[in-house]
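Residue numbers count from 1 along this sequence. Both counts, for ligands and for their atoms, begin at 1 and track the order of listing.
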Amino acid sequence: MSKKKPSPKLGTEGAIDKKLAPQPENDKTTQLAAHTADGAGEKMNTNTGLPINDDQNSLKAGDRGPTLLEDFILREKITHFDHERIPERVVHARGSGAHGVFQVYESLADVTKAGFLNDPKRETPVFVRFSTVAGSRGSSDLARDVRGFAVRFYTPEGNFDLVGNNMPVFFIQDAIKFPDLIHAVKPEPDNEIPQAASAHDTFWDFISLMPESAHMIMWAMSDRALPRSYRMMEGFGVHTFRLINAEGKSSFVKFHWKPLLGTHAVAWDEAQNISGKDPDFHRRDLWDAIESGAFPEYELGLQIIPEEDEFKYEFDLLDPTKLVPEELVPVQRVGKLTLNRNPDNFFAETEQVAFHLGHIVPGIDFTNDPLLQGRLFSYTDTQLTRLGGPNFQEIPINRPILPVYNNQRDGFMRQTINKGKTSYSPNSLGNNDPQQVKEAEGGFVSYRERIEARKERLRNKSFFDHFSQARLFFNSQSEPEKNHIVDAFTFELGKVKTIAVRERMLGILAQIDKGLATQVAYGLGLHLPTEISANQSVSADGAPADYQSVQVEGSLGKSDALSMANTVKDTIKSRKVAILVADGADADSISVIKNKLEAEGAVVELIAPRGGMLTAENDEQFEADQSFLTAASVLFDAVYVAGGANAVATLEAEANAVHFLNEAFKHCKPIAAHQDAMQVIEATYFSNKLPPDYKQDTVLSEGILMGEVDSNYADLFVKMIAQHRFWEREKPRLVPA
Ligand code: HDE
């Protein structure tokens, strides 16, 4: 794997790229930042610089005596420790970050004057933070949830933050409902249960009263909510934004991120198991991939809609519960994001980064999407509490790569030491510096949108079709994906104790798809309600009388881009494959498989009944990477069972090895075995459920490969792994729920 040049260092000690970020003469940030050095080769001192002689014992009256209040070294250390925690994000608390670079393929100057989208030679440094939404900071990565996909571009024109999600729509149409949505999904306030889960009464109570969430809830109950990896999920800006070119012409735009490894998910049962075996699964996966040089890559996609087409569609471009089907407006892939450097310090970078939808650059602007407008307020406001005051932009990860000059002053934790007498404008004493920037010289000017309106608390009727895109999403899924959606609703509503809430939700589902609603009702042991109202929110919360769902039959029956079944399936780069081994394993065939998989970029681990060195059939020594105690099937994408008579006998009798295979089968993963390892396969619960010809050297429809290990066999195994999953295996319920 060729390592690309890591992204320039931003915001860490001595790190601000001097070429990118000329520092003003009076700037003390680099000296201040020296505080954060890792201390390698340095002597320990206090925060005032006093050399510390004893960091092991507090100051006492005698060696058994009481500790003295005088001990300022103890007090300084404990005080700092006592204040180490800051409030976690109210949403998206659980996250992982990475540095990288973005480069546009060709100039987009015809639609935008944004510098980083104009110059194909320019490498723009980025910082990305992925997250779940509902769970707290220590919660599992594998919760069924939306994933945040927030990207900061550090451009010479200022920071541009694209604060998106891995789903293209949202639950609500108006920001004023956001606190309600989040209160409903968070753990219930009386007992703080459940953590990082939407499967509880308050969430479904709210959703069942909000028909506008119908589309998003279909995404949230689909496998999109269970990504295999942050590296294998799409990203979306959700709202419609504007691009503005040098002539001031505006176009509407939807932003997309397309992962080059394809969009893949894990199974729900697997997700729940991963949460126990490795709650840091996504964080570790991202970290390890970057450390090993398998840099995650995503293409930036744009759906550009000419301003004159604003009213051309069946949906309103300002409605964040709607997507623009790729069949109507194709996604143009315009550039590439490569994540190539892990943060040096989680807290300083990933935790302190403060994204904001309002961080834009000339060439990009907002629309009147009412959700977007509310977000413009929220993101700065929330940092005032989370990061403790208005100077959070001076934290290294938040600084732009150019010096900041304005008349803002003081406040908690001010870092900049401004000189001079004038901190106001206009002034004559300081030459009226810093000066405003003319539009022609890059000064930001908001798009001159013409508005003629009455002030009202209303929504346009174009926002009232809540079901047609939910139906489009469902109809676009493959059969296994549809089954997973049915199972997800049945699981989540099965956890809801209030029967009336379950029934009301069935009413919503019936308006999306009768078949879906019937199957969920069956799983819950309920009947579909006879009276189905599209306007449950009206009766429940007294919304204005003309705020009503309308039933629209969308003209597009299906959109292939919405199904993960149609994603890229041509690579096994960075996939994790387990080889089950024991003493006496056949070393030659292991090498054939391992070498082939590693040559294709996969990560291979040998899993044995115990750790340490093992002896192969040919008496060679080899080392197990993990034992069955520390490894788990759910942490791998595929499994191969080694041959060798003694190893096979051991593995057949090893309950953990058989369990490993049973789980891999249940989660529809590719399974391969040496022809001599038949006995191990026969010890599994699924062997008698396989077609009779499964012993042959063919990839069976079930994704199981047996036979003589040669290069052809290894090639087939690679093809199977690239397929990701054999979901069809679930069909005749070969696999328990
Ligand atoms: Fe956010 N959101 N959000 N959100 N959001 C936050 O900002 C908010 C919404 C998203 O990795 C908070 O710094 C409101 C949509 C991401 O640091 C807060 C509304 C989308 C992240 C906030 C929304 C997002 C946040 C919490 C409705 C996808 C994590 C901490 C009007 C397009 C960023 C913080 C990171 C974080 C408010 C809806 C994405 C409270 C009021 C829609 C990826 O400001």
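For the ring pair (Phe, Tyr, Trp, His ring centres under 6.0 Å) test, no residue two or more places apart in sequence or in another chain qualifies with Phe206.
Enumerated by chain and number, the residues approaching ligand 1 to less than 4.0 Å through a heavy atom are Arg89, Val90, Val91, His92, Arg129, Gly148, Phe149, Val163, Gly164, Asn165, Phe170, Ala175, Phe178, Gly237, Val238, Phe355, Leu371, Arg375, Ser378, Tyr379, Thr382, Gln383.
Using modelled atom types, one finds a donor on one side chain and an acceptor on the other under 3.5 Å when comparing Arg375 with His239. Side-chain contact, Ser251 with Arg242: no donor N or O sits under 3.5 Å from an acceptor N or O. For the 3.5 Å distance criterion, the side chains of Thr321 and Asp319 qualify, holding a donor opposite an acceptor.
Contact between Phe102 and Leu337 at its shortest, heavy atoms only, is CD1-N, 4.0 Å.
Between Trp219 and Phe473, the distance from one ring center to the other falls under 6.0 angstrom.
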